Amino acid sequence: MDKITFINLLTSHYCKLHSYVLCMVPNKSDADDIMQETTLQMWEKFDEFRPGSDFFAWAKAIARFKIMDLRKKRARQHCQLDPTVLELLQQEREAYDDHLDRKLELLKQCIKKLSRDQKALLKFKYSEKIPAKLIAQRVGVPLHTLYRQLSGLHSMLLGCVKRSVRAEGGV
Amino acid sequence: MESKSSFEELKLLITEAVEGTALPEQMTRLNRILASSRSARQFYFEFIDIHVLTEHLCAEKLFLDAETTVLDSDATKHDLLLQALAAEEYEADTIVIEPPACEPVVRPVAVVEMAPRKISKLSLAAMILSAAALLFLVLFARYAPPKLGYEVATVTDSLHARWAEGRSPERGERIATSHTPLVLQEGFVQVRFDNQAEVVIEAPAQFALIAEDQLRLTYGRAFAMVPEQAIGFTVSSQKTKVIDLGTEFGVYTSLNGDIELHVIQGKTLLLPEYKGGVKSLEVGAGAAKRVSPERAVADIPCDKRVFARRIDSRANQVWRGQKRLLMTDMLLGGDGQNPQHGLGKIDLLTGRRTGLLFVPSEGNTPGFRAAADNPFVDGVFIPDRGAGEVVSSTGLRFAGCPDTSGTAFYHITNFPEIPSIGADETHPLRLAGTSDPQTPMLLLHPNAGITFDLAAVRERFAEHQITGFTTRYGFPATLAEKRSAAKAGEAVLSPESSTVDFYVLTDGAIRGMISLRMPMEPRMLEIPISDRDRFLTLAAADGNGMSNFDWLVLEAPTLVLEE
């Protein structure tokens with residue numbers, strides 16, 4: 001098994017796969033667990049992967065099993081998407097897979113336009129990985145307020161990226 | 001009639017769900033919104049995409065560090081966060097969310113019990129494109145089951161190795177994966193894995209190869225040089241792993257369980273195992289860490305000299321990271337760092353590069369000739385007491401210069417073959433025991449000398465200190481064969497043949513003098529050099545006034561530098 005080839009393929013498709021998993025399992029911790037299990041299983045089965053075939057489709061198929069496993073374990077808990085919603089999302093998701101690389105580049109430029117304090121918030125949350133609850137506690141605001149601002153920040157970045165795409169003539 | 005609902009609710013629901021804090025009724029609401037509206041699902045996809053992309057981008061510390069000022073106090077952080085939290089939200093697109101068909105059933109709030117995590121969360125500080133690679137490498141190192149009984153490496157060399165009873169691998173022997181450790185009581189062993197990772201282990205050491213790219217070091221010193229194709233090579237020790245990310249690194253495990261990691265080049269991941277899981281630390285070039293038996297991690301100075309990085313049993317040498325400059329490269333005008341240097345000759349009568357091998361009789365007299373167009377060679381000379389004592393451009397004299405014939409025969413060269421003067425034969429410029437035909441060689445046939453300018457070397461390598469000169473020397477391997485095949489009375493067997501006095505001088509003073517006489521085996525020579533030494537001179541004099549078969553061959557004459 002060629003580790004370097006596997007790493008290159010994994011790196012090229014990692015963001016797409018992560019986004020797919022998080023869409024189907026909108027819980028960061030669970031999605032991270034699924035990504036780890038999926039990555040391990042992809043490596044174990046890498047001998048079965050045909051070079052030149054669609055790595056992402058293969059990875060997604062493995063991830064789907066992991067997602068289903070998790071859903072079975074959590075069936076009695078009310079923290080996941082309904083089966084009908086899941087089916088709709090899986091049907092419609094494919095159209096979004098191909099544009100992530102371009103969005104990443106545009107997002108870099110959009111983040112540069114944020115204010116210093118907005119960048120600081122992103123840094124604490126995603127770079128230094130300080131839990132949201134801890135950030136809220138330290139600053140003395142309710143967690144809900146922090147989430148509102150975080151979601152606002154993401155929304156702002158989404159708007160910026162969409163405008164950039166439109167400016168480029170994309171859909 | 002549809003009712004417009006701000007996207008506010010949807011994005012907040014998504015955020016709370018992703019963060020794992022959404023209540024059951026919030027998940028119900030999210031499900032309802034997503035089920036009812038295609039545009040809601042579209043927004044959902046895009047919002048999650050941005051969330052993931054932002055997370056990956058911001059995990060790349062350099063990216064965000066470049067964008068933010070240094071946050072050096074809690075107060076600064078606090079103020080910035082408050083400003084961020086008070087910031088106006090940006091107007092974004094509005095989505096249409098269809099109203100629910102009926103009121104949702106209110107369920108009692110239940111505590112959501114999370115299943116115990118099988119794989120611990122890992123903290124990875126990495127470039128965005130490497131996040132996936134690092135995740136994989138860490139998982140692989142932690143969970144990939146060992147495959148035992150497979151040959152995965154070869155012993156490429158050993159030096160003064162003494163093993164404990166039982167297994168004692170020899171050079172060339174293959175080693176299979178096994179849980180049974182090998183115990184090296186003395187000396188060094190060099191092992192090359194099939195993925196081309198090379199490890200030098202220094203006794204006392206106990207180690208085992210437990211996978212095609214994993215070495216377990218119970219105690220001792222191991223230095224790994226890992227090429228790109230072997231990225232992910234792992235050294236595990238006690239309950240700590242070191243994963244290579246394209247680097248050279250050394251691991252030392254003491255008998256009391258302390259583990260030291262010194263990274264010479266590239267990057268590694270250090271993974272001490274804790275009860276709650278594994279924490280990974282990126283350790284880069286020039287950095288070193290110590291992990292105590294209790295898994296406390298501390299910074300320590302990176303010691304670049306403590307590990308044996310290469311061994312050469314043939315030369316009886318252990319290389320611990322000194323810089324080595326090839327003087328054959330300098331002969332040709334290079335700075336000593338190019339092992340692929342070509343071939344050439346320096347003219348003993350002019351100090352310049354020449355196409356000739358034999359020194360003509362015209363002008364063939366003792367004296368020093370400056371090598372004006374060579375940055376590291378001060379000059380060349382034909383030694384002879386009296387007229388041929390000057391060895392440098394500054395007029396330094398050869399103290400104790402021997403009386404010679406005052407005539408040279410061959411220019412100084414690294415050509416691979418020596419034609420014999422007056423005989424229709426050539427001899428490869430190679431010593432007995434030299435297996436690699438690419439090994440650089442220098443011919444120094446009496447009466448000839450060459451002086452290297454150490455001041456120029458110091459200027460070029462300002463961060464280093466010249467500590468010594470080393471070479472392996474002798475007569476060409478084929479000369480012994482010729483002598484063996486010769487009949488009594490032949491010139492090659494005469495007592496005057498193959499007699500050379502080899503001198504090493506610094507600033508004109510003799511530091512080493514060896515009388516070479518056949519038969520002899522090649523030998524090593526090491527001469528220490530101090531900061532006060534300005535010139536290094538190598539000279540060959542005819543030991544008895546005759547020059548038959550006086551081919552002094554210097555194998556890989558090298559200046560050794562340390563930082």
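For clarity, every value in this text was computed on a predicted model and none was experimentally measured. Order of the sequence lines fixes the chain letters, A, B, ..., with proteins taken first and strands second; residue numbering starts at 1 for each chain.
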**OP:** Could you check whether the rings of A/F46 and A/W43 sit parallel, tilted or perpendicular, using 30° and 60° as the cut-offs?
**Re:** parallel

Thinking salt bridges, do [X] and [Y] make one under a 4.0 Å N-O criterion?
X	Y	answer
A/E105	A/K108	yes
B/E9	B/R29	yes
A/R148	B/E8	no
A/D32	A/K28	yes

**OP:** Quick one: which of B/L30, B/T21, B/L34 has the most heavy-atom pairs under 4.5 Å with chain A, could you say?
**Re:** B/T21

**OP:** Go through B/E16, B/R38, B/E19 and name the one with the most non-hydrogen pairs under 4.5 angstrom from chain A.
**Re:** B/E19

Between chain B and each of [options], count heavy-atom pairs under 4.5 Å; write down the option with the most.
options	answer
A/V25, A/L100, A/T84	A/L100
A/L86, A/V85, A/L114	A/V85
A/E92, A/H144, A/E87	A/E92

Subject >> Side chain / backbone / both / neither for A/K125 at chain B, heavy atoms under 4.5 Å >> reply: side chain

Subject >> Pair A/Y14 + B/H56: ring centers closer than 6.0 Å >> reply: yes

Subject >> Side chain / backbone / both / neither for B/Q26 at chain A, heavy atoms under 4.5 Å >> reply: neither

